Structures are given as C-alpha cells and as structure tokens.
Amino acid sequence: MTPATSRSVPVMVPLPVAGPYSYAVPDGMAVIPGSVVQVPVGPRKVIGIVWDEGDETGAVDAKKLRPIEHVFDCPPISPAMRKFINWVAGYTLTPPGLVARMAVRAPTALEPEPMVEGLRLTGTTPERMTPARQRVLELASDGFSWTRLGLARAAGVSASVVETMMKQGVFDTVFLPPPPAVGAADPDYAPPELSADQRDAADRLKSSVGQGFGVTLIDGVTGSGKTEVYFEAIAETLRQGRQVLILLPEIALTSAFLERFEARFGSKPGEWHSDLAPRMREKVWRQTAEGRIRVVAGARSALFLPFEDLGLIVVDEEHDTAYKQEDRVFYNARDMAVVRARIGDIPTVLASATPSIESQVNALAGRYERLHLPGRFAEAALPDLKTIDMRRDPPARGGFLSPVLLKAVEGAVGRGEQALLFLNRRGYAPLTLCRVCGHRFQCPNCSSWLVEHRFRGQLMCHHCGHAEPVPEACPECGTLDHLVACGPGVERIAEEVEHHFPEKRTIVLSSDLSGGVKRLRLELEAVANGEADIVIGTQLVAKGHNFPLMTVVGVVDADIGLANGDPRAAERTFQLLAQVTGRAGRTGLTSHGLIQTYQPTHPVMRAIVSGEAEGFYAREIGEREKSGLPPFGRLASVIVSAETRGEAETHARALRAAAPQSRSISVLGPAEAALALIRGRYRFRLLVHGARGDDMQSFLAAMLENGPRARGSVKVQVDIDPQSFL
DNA sequence: AGCACGCCGACT
DNA sequence: GTCGGCGTGCTC
C-alpha cells in the first residue's frame, strides 16, 4: 500500500535525458532543491540531485510517480552549482544529468564521515602504576583528546595498556569530528619577498578579491613569479574567509607544487585528481562541501567539487590542452572555470607563461584584465636562445644531432651540469620500410604509420594502440633483414647520445616509461636532483618540472607539428618551445637553448629566439581572422547529415532549440565537413548515430572513400575553442 | 549511462 | 538445435 504523498519534486538523474525526472516525496521526508537523494530508475537505484522547479521535462502522470528512497546527510548542492551544471550542459550540448553526475562522483562521501573516538582523562588514577601507564598518563595530560591507537603509539606501549586503563575508568570517551584531510592554510604563514613588479601585480590581484566577478590573465616567462603572485590573491581570499580552487593540468599537480604551497601557507592544499585513493577522494569531497578544506588544488574535474563558499578560482597553465575533457562530457575546464566564477560572482585568475590565443584575444578585447610580469626574478637569468640552421650545420650521416648541439651538450656535461634533448616523438622511429620493395608498415585499423619501439621490440600505432612484434622479414616481399627505420624518436636519439657520451648517465622520459605517473614523477625528481647527465624527453618534460642544474636545452626537431594542417600549429609549437626552453637557466649559471630547425626564419623560431611574443601573438590573431575559421566568440557546432545539407539544417534547427546557450551552430554539408576533417581545419567531435561503437575511424574511412555519399547519419561538433562565455 | 529485449550467424 | 553478437528502446 502506497502512502498518500503530498508533493513531488524534480530530480536530476545520471541519465542522458533532456532534464530532471519527477519523484514523489514521501510524507515526513524533508528535501529542498540541492538535496542529494537516492531514487529508483527502472530496476536500479541511482544518486540524483533535487533540482529546481520549472526545469522538469515533460509531465508524467502525478499518481504514478515513484518515491525518493533516501536523502543523504550531506550539504545540498548549491544554487550556483546547479546553475553551473545547467549552463555547462546547455553550452556543451550534454544531457544535464551527465554533467550533474560529475558533482556527486564520490559515492560513499554522501553520508557523514564516522566520528572518531577520543580519550579524555577523567582524573581517576590507575589501580596500579607501571612505567608504561605512567608514560601514557603524562602524554594524555596535555589537555587534548587522543585516539586509542595514537596515544599508545606515542607512548610506545601496546594498545592493551590503554585499553586496560580505559576499563579502570582513567579515560572516558568523547566523539570528535574526523581529522581534516589537510591542515588549515594560513594566509600569513610565510609571506614572500616580492620584487617591485611582483608586488605591483600581487596588489592588483589582491584588490580584485572580494570585488565580484572578473578575469585576470597573468603572463610572464617561466620563473617570473606568477605562482607567488597568485598565492597572494589566494591569501587575501582566505583572509576574507572564503574557499579557493586552483586548477592545474594533471601532470603539473606534483609534490613540488604542493610543497611550494605548503611553504607559503603552512599546510598542503586538498588534492583532487584521477588517481587519488578512494578514501582520500571521499574525504576531500566531503570536507570541501562542509567548508573544512579551504583550498583545493586539482585537475579539471575539481571544477565540479561542491564548494561551500568558493571565493576564487585560479587556472594555472591556462593554455594547456589537458584542460579539455574529450570523453563523455566534452568541456574545457579553463573556460568553464570562467563561467563558474561568473555564476558565483567571484574573481578568476588565468596564469601562463604562454597564454592561449583566445585568452590573449579576450585580454585585448578588454574582457580580461591583463597582468604582465616582465622578467625573471633575482639572479635566475633567461637562457641564451639560438636556432641551429640544419641546412648549414647538418648532423653526421645517420645521426640527427647537429655538431653544434653536440658540442653544447658536451660542454654542459663536462662542467657537471645537465643537458636536455627534447623531441616530441615517442619510440625509435616514426616509419619503418623495406629497403627492397619499399613496403611501409601501416596500422591495420587506422591508416597511420606504425612507430617502431625498439626497447619493446614492437611496432605500435600511436593512434589506436595497435601493436605487433617487429618482424624479421618483410611481409610484402619476404626479404630478411632489410627493414629500415626512418626518422628519429626519443629512443633513437638516446642511442645517438649514448654513442657520443658512453660514460654519461642518460635517461629517456616519455609516456612509455613503465610504472605509470608515479614512476614518472620519481624519475623527474631524480633528474632534478642531478641523478642524470643527459635527459632525452618528449613533451612531458616541458610541463611544470624545474631542473636547476639544466644549462643546455636542445630541441631536436623544432619543425615537428608546424606543417600538419592544424590551425593552431604555430601557436602550439610556440608554446611547446617556450615551455621546454624555459626549463633551463634558473641557477644563475649561463645556459643555452639550441633549436634545430630547417626554417630558422619561421615566425615561431623568430619569436622564441627574440623572446618577443607580442608580435607573434598579434600575427597569429591576424592569421586566424583571415583564415575563415569561425569567428572568435562562438562555439561552432556542426551537424552533418550524410544524405543532404538540408537534413543537416533540420538537425541544426532542433539543436538550436534544444541548446539556446550554444552561441552558434554552424552547418557544414558532408563534403565540406569531410574536407575540413581531412585538412585538419577543425577539431571535431564525431558522433556517429546508429553505430553504438561510435566508430569514428571506420566512419572517417567511409567518408574518405565514398565522399558525401557515405552511409549513415552523423553528428559532428566542431571544437574550436570558445572565446567568450559571457 | 545501464539494462532488457530481440533478431541473425558460428558452435558445444 | 542453442549462445551471443550488437541494434533499439526505455527509464519519473
């Protein structure tokens, strides 16, 4: 028998449906908008969020509503967060329930953490005094509550000593809230010494704290003190009693960063990232919601943490592509941080040595405040940057390193300093062919070349992950031992380096390193401590890590990526080269950045060598405007119908109605879209309807083969970075 | 997203 | 003759 229910509420459920479902509220159950609840959906139970009246999807017969089963005892999801979820869903064309799910993804954190038992002296003395009991008593008389185990350990006795004393009534128990996951950040723990420029910038940032929404873009070369400056804004926010979110690309969320924070604020920030231990994840989620954690440093998903009173968002390395999530919910955390800040009416700080074009444009347009930090702090000189013209100073036959670069490396390691050789290409060689018949090894699934990984003895596809052992004979003509590796990868450079410097310690750092992120961090730390002479690395050495002994940075092939058709190629190359050469020169020693290129007059190379980024950025912005890409300030989405352009228009109309926040839904016909795809003019998100596997590759292949007549209806969303969200 | 239902190919 | 592949539809 179902009891009569007095009302129903909308509940956002984690399903790909257009809006919340309605549920009955059993008599006596108290729910308000934001309450986190358990509701039945078909045969299963899911976690949902009570939503706001007016957001319901189509009405369902009020008599047939199923009841909410449980209300979790946790702070309700705030109106700002609910508004944010709705906005993100509309903007990214994602069902709101799937966005909402990101805000409640710490499942067991929904109930309060269990209280911790604490022991307090009653004043009763033990029946018999022993040395062990004496020690326990001495410790416990500090006026604080101890845990059973903590007290026993501190006193150097077994738990049974404490337990016996409890039985004798020496202690009574009190229940205490569980200990905080991190200590309290103290804004006045260790105020830094700032240069005049930094002080200026810090003061301007500080004055924006508490003044409502605003975005400030801080830029300045590696080592100019951006972090110190935004730390002052964090300190000010803490003084005003509000919480802070620091977003970082996952790879930059290192113990070095956490320690730097601790040195300034006296304790570490709460951490939030994908490989956080489940127990810790729950603690951080819960305590952030309760306001017990005041500062969280996290990867992009931290944006969906339910802060109790968020007062500032910092997005460090704002140009980093890791801010884009490209599975399930597609969003750029940097952009959504700006939206979150606007909704919460709080300031945002975007920081980068190499800001993205779109942030530059927003600063130029006056939408963002601009703070520029002109130089490196104190004695840390910038490296001396030069290009090596590979036409004039070519490598020896069979090698890839110019004599000029080898000499610089020799100089550095000879002085006991370190050298870094950067090549953004994993493996040994990007292409393998048969010298006899010319057969090229191609991926059976995709059409890309298979990359030889000599350490593993495999040919691998970097696109789809396909791998096969390196054969001894050519599969085409059967000739033995005539396979030839074309071009360098980091493994091949390592071979060349070991040939030239056999007695030096070399290390290859790439994502192929076994042992995962943890191992990688350890190796990076080891390098920073001087435990290698020559480092050969892919782009992951360009991100965040500082190597104080690194005095030579060589870019093996600066031209990679400049001619691949990506409209952001120049920008990306500039950012990468600036970041990697910025790894050198923080010690006060003379340091050098040497950039091997066949295009020494290319605008990217000129900008890097001269250190004058402004001209380069201005040029890039101009190029963008000329190139016919969708104009700035729009999210361009595209519907492609494989049949006709007219059908695409129909889909687009439906989408526009469904997602009014999407500023622009451009329509490309299938031929235009195929062309754009092939030329790499846009970055696409392809959703193939009617094929559950969302087999992008096979659709693309069909599209390339059959052109506009490829079968199947396809929805394509262009991922030009949105410029303006306001 | 998850889960059930439903219809056509290779196998104990 | 079934097991199982994934296409389709549904969830307040």
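Within every chain, numbering begins at 1; the chains are lettered A, B, ... in the order of the sequence lines, protein sequences first and strands thereafter. Predicted, not measured: the structure shown is a model, and the values here were computed from it.
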Query raised in the report: Hey, does A/Arg66 reach any base, or is it just sugar-phosphate, or nothing, if we go heavy atoms under 4.0 Å?
Result: sugar-phosphate

Rounding to a whole Å, what distance do you find between [X]:[atom1] and [N]:[atom2]?
X       : N      : atom1 : atom2 : answer
A/Leu15 : C/dC12 : CG    : P     : 9 Å
A/Tyr21 : B/dA1  : OH    : P     : 14 Å
A/Leu98 : C/dT11 : CG    : C1'   : 13 Å
A/Ile49 : C/dC12 : CD1   : P     : 18 Å
A/Lys45 : B/dG2  : NZ    : C1'   : 15 Å
A/Ile68 : C/dT11 : CD1   : P     : 19 Å
A/Met12 : C/dC12 : CE    : C1'   : 13 Å

Query raised in the report: Quick check: does any side chain N or O of A/Trp51 sit under 3.5 Å from a backbone N or O of A/Tyr21, one acting as donor and the other as acceptor?
Result: no

Query raised in the report: Between atom OG1 of A/Thr254 and atom NZ of A/Lys543, what is the distance when rounded to the nearest 0.5 Å?
Result: 13.5 Å

Query raised in the report: Between the side chains of A/Ser356 and A/Glu571, does any donor sit under 3.5 Å from an acceptor?
Result: no

Query raised in the report: B/dC3, C/dC12, B/dA1: which one has an atom nearest the side-chain heavy atoms of A/Arg101?
Result: B/dA1

Requested in this report: Compare every heavy atom of A/Asp320 with every heavy atom of A/Ala322, then report the nearest pair and how far apart it is.
Outcome: N-OD1, 2.8 Å

